[in-house]
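First comes the structure, then the notes that go with it.
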Protein chains: 2
Amino acid sequence: MKSMSTDYLESGRTRQKQRTRDQLIAAARELITAGDTPRVEEVAEAAGISRPTAYRYFASQAELLAAAYPETAATSVLPDPPPEALDERVAAVAGFVIGRVQENESQQRAMLRLSLGEVPHELPLRQGRVVPWFIEALAPMADSIGDESVHRLALALRAACGIETRVWLTDVAGLEPAEVNALQQWMVDALVKQALETPPQ
Amino acid sequence: MKSMSTDYLESGRTRQKQRTRDQLIAAARELITAGDTPRVEEVAEAAGISRPTAYRYFASQAELLAAAYPETAATSVLPDPPPEALDERVAAVAGFVIGRVQENESQQRAMLRLSLGEVPHELPLRQGRVVPWFIEALAPMADSIGDESVHRLALALRAACGIETRVWLTDVAGLEPAEVNALQQWMVDALVKQALETPPQ
DNA sequence: CTCATTACGAGACACAAGTCTCAGGAACGA
DNA sequence: TCGTTCCTGAGACTTGTGTCTCGTAATGAG
């Protein structure tokens, strides 16, 4: 089953459906923040909804959990007032992101694993807010290297401090959490500094 | 079931067991290079061995596939003669690694997914040869920044050009394969250049 | 308030991973 | 060659994901 078409929710008994969907997401969110990777059955039961109905709203466990993933409402994570120095601005964003990844590591791992399912998804993965945060932090250098390069750099920064990099540094390289944080932070700093001299692409 | 203890293979009818294990690995390798992520049953059948026996040798599909993963025999991937310039040396290794990841992307994704199984593994993940390759390429700078920093840098480089980073740049950032290669190569270059000024840790 | 629409629940099914038991047969020592 | 060890195969079982059918009941329009 593919993802439910958007206009399905907007036809028929829309309020009932919205309610059901919200209950599922709320239940999933609660279980996720409680620390596990809930099965669809557990989410459905916690929401007082049957399993088949849960699958009527979300094509897979991955989609349900993705929809339930706690969002940060903030549109900016720069301190107030924002620093002027580029590396400080970026370091602030990176520090926030790295910390968040570390806090929610088990959920992030679950999301990554589910997103790698053998059957290619119909894009359940949403681009988060991290890239915009980095682009905001990099704004002062947009004039000198151009928007395109700023975008590339932001992608590289997100890659450097995301869960994917963390997983490797932890599981395979065997670094301690604090060491992982430090190395990711160093990578971010190095990428920014180098971008000033030779921007990507 | 945990991983079979190593000395199990070395006790009793060792040759029979070694043969069985080799047949399983050979069959898995064939199926993997044919392009899919075979089920344990498929590997066992292809090897003319029963499924329970396959599980006697490998605790999980992940372990079996990991054991079957094609190895590069080379202990060095530097061109002959090796360049003197540090960035060229590293670029050579990175280019090789990035190319290999791109070639075997589906298998690498399968390995990554299986390595993220909910139940923490008893270390089925082996540190590959990529880090040693990078350390070799970085040898000229060991005197100036120290072995420890070289090691850290090599870990960062491997993280930057591995499958984990590629997955994100492809699936979420939506870059084309060639763009992914270019950005990973840029990241590697930037990290090396910056390490000359402020080494990690 | 009535009734057709339509979301929901119960329960069964398919399939894959992983586990367990037990009996047969191959390997190896004597 | 004989006999015991112990590896292997057959097949059932458990758990989890995702699908399907069909009857029921809530919803909201008239």
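Owing to the predicted nature of the structure, the values given are computational and were not obtained by experimental measurement. Convention: sequence-line order gives letters A, B, ...; per-chain numbering from 1.
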Whole-Å gap separating P (C:dA17) and CD (B:E42): 8 Å
Short side-chain to backbone donor-acceptor contact, B:T165 and B:G162, under 3.5 Å: no
Touch class at under 4.0 angstrom, heavy-atom based, for A:R39 against every strand present: sugar-phosphate
Shortest non-hydrogen separation from B:L157 to B:V188 and the atoms involved: CD2-O, 3.7 Å
Side-chain donor-acceptor contact under 3.5 Å, A:R109 with A:S106: no
Out of D:dT17, C:dC8, D:dC20, whichever nucleotide has its closest atom nearest the side chain of A:R56: C:dC8
Flag, side chain of B:Q61 to backbone of B:P38, donor-acceptor distance under 3.5 Å: yes
B:L114 CG - C:dG18 C1' separation (whole Å): 14 Å
Closest to side chain of B:S60, choosing from D:dG18, C:dG18, D:dT8: C:dG18
Whole-Å gap separating C1' (D:dG28) and CZ (A:R19): 12 Å
Side-chain N,O (A:R13) to OP1/OP2 (D:dA29) below 4.0 Å: no
B:S50 side chain near D:dG9 phosphate (N/O to OP1/OP2, under 4.0 Å): yes
Distance in angstrom units between A:Q18 CD and D:dT27 P, rounded: 16 Å
Candidates C:dA12, D:dC7, C:dG18 - which lies nearest the side chain of A:R51: C:dA12
Donor + acceptor pair across side chains of A:N181, A:Q185 (<3.5 Å): no
C:dC8 phosphate, OP1 or OP2, under 4.0 Å from A:T20 side-chain N/O: yes
Euclidean distance, atom CD of residue A:E41 to atom P of C:dA10 [Å, nearest integer]: 11 Å
Any B:Q16 side-chain N or O less than 4.0 Å from OP1/OP2 of D:dC7: no
Protein-nucleotide distance (A:Y55, atom OH; D:dG18, atom P), rounded to Å: 4 Å
Closest-nucleotide 5' rank along DNA chain D - winner of A:V40 and A:P52: A:V40
Under-4.0 Å side-chain N/O to phosphate OP1/OP2 contact, A:Y57 with C:dC8: yes
Euclidean distance, atom CZ of residue A:R15 to atom C1' of D:dA26 [Å, nearest integer]: 13 Å
Whole-Å distance separating the CZ atom of A:F58 from the C1' atom of C:dC8: 16 Å
